[in-house]
Student: 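Dropping the structure in here first, questions after.
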Amino acid sequence: MASVDSQRRVLSGMRPTGKLHLGHYHGVLKNWVQLQHEYECFFFVADWHALTTHYETPYDIEQSVWEMVIDWLAAGINPGSATMFVQSRVPEHAELHLLLSMITPLGWLERVPTYKDQQEKLKERDLATYGFLGYPLLQSADILVYRAGWVPVGADQVSHIEMTREVARRFNHLYGREPGFEEQAEAAIKRMGKKTAKLYESLRKRYLEQGDGEALETARALLRDQQNISLGDRERLYGFLEGGGKVILPEPQPLLTPEAKMPGLDGQKMSKSYGNTIGLREDADSISEKIRTMQTDPQRVRRTDPGDPDKCPVWQLHQVYSDEATKSWAQQGCRSAGIGCIECKKPVADAIIEEQRPMRERAKRYEEDPGLVRSIIAEGCDHARDAAKATLEEVRSAIGLAYD
Ligand code: SF4
């Protein structure tokens, strides 16, 4: 199936929404920071995706892009470890999107759950557009253009990855059958050396004749470890293993990320549209003020009234930020009226400010030097483009569009 690079590659993106908040940090960025050390990561600003819903008001996209990239850097994404780039600067996304659109049945797009949901939710916008219907396919192109093996998603987004897998399968089925495929695969087997070739053949036989999944995995691992075959041969042999053609676009897998519930200042999920956010680079005074004026248990009117943490949004923040000792101090103090709300809020405010301190410090350098941010992105775009070009070369040649 997938080549070595695919198995190590992660692709993830974010729409440019301007300055990010702690919900983005806990829900996405913290995970990205971790992944950048474990995989070859491509993180992109999905500016074309922003246009699928905001085509009438694109004015602030550009500013939002830079603010968001500074937040990524502030959160700890390291340009030395991960590739950060802007989608529209890599036109290969659009080319692959177009080519995939030729083979994607309309029904696949219409049945994507978010298609109808979003149209319902964003009623004030006219989303009966070609671009909006096609956005899940643009997402597929975003992933497949890098032959990324892994895409970090929450459980509710697994169906998006499933569609990408179907599109890749269909593409490989239609175009992976180059003339003389079997002969080329046989020749590639020989090139691995006698011993490895024999092992490959027997594992393939075990899989094809007995459906032995373990044999398939072992054979894939065997191919991954081969140093002496070309990338093209490796892909042929991945495809040959399963009795199919060459794998041009490997099927990505969802990399399930645990859902991080970051409550907002009002206890609902933190979201810009609820106006309950704390910014990722917000200054300490403003954070203290926001926490100080936060709603608490409405039953606790006077300091002497006992309260119920379960009815208080501050308690939800304790659950994210406090250790066990602080949590039980808050629980007991609240229920017995032993502590006041201002007292109870203090450790939460302190913890948030402390969490953000390194982020604010990192951001400073980039805020003061916008040229530096632009050069990081320019470099990321170049690197991403090289990877995307390599895929498109194979894609064009498989379809029969390589004219040189
Ligand atoms: S003491 Fe703490 S948990 Fe209890 S109502 Fe006040 S802020 Fe909320």
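Any value given below was found using the heavy atoms of this structure, including those in side chains, with hydrogens, waters and symmetry copies removed. All ligand and atom numbering here is 1-based and tracks the order in the structure. Nothing here was measured: the structure is a model prediction, and the numbers come from that model.
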Student: Ignoring hydrogens and geometry, is there a side-chain-to-backbone donor-acceptor pair from His160 to Gln157 under 3.5 Å?
Tutor: no

Student: For Leu98, what residues pass the side chain to side chain contact (heavy atoms under 4.5 Å, CB included) criterion, not counting sequence neighbours?
Tutor: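 With sequence neighbours excluded, Leu98 shows a side chain to side chain contact (heavy atoms under 4.5 Å, CB included) to Met102, given in chain and number order.
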
Student: Checking Arg374 against Trp66: charged group under 6.0 Å from the ring centre and within 45 degrees of the axis?
Tutor: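 Yes, a cation-pi geometry holds between Arg374 and Trp66.
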
Student: Report, as yes or no, whether the 6.0 Å neighbourhood of atom CD on Glu182 holds more than 12 heavy atoms from other residues, nucleotides or ligands.
Tutor: no

Student: At distances under 2.8 Å, what protein N, O or S atoms surround atom 2 (Fe) of ligand 1?
Tutor: Cys344 SG

Student: Should we count CD of Glu379 as having more than 12 external heavy atoms under 6.0 Å?
Tutor: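 For Glu379, atom CD is not crowded (no more than 12 foreign heavy atoms under 6.0 Å).
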
Student: Just to confirm my output: which protein heavy-atom neighbour is closest to atom 1 (S) of ligand 1, and how far is it?
Tutor: Arg300 NH1, 3.0 Å

Student: Taking atom types as modelled and ignoring hydrogens, do the side chains of Asp266 and Gln268 form a donor-acceptor contact shorter than 3.5 angstrom?
Tutor: yes

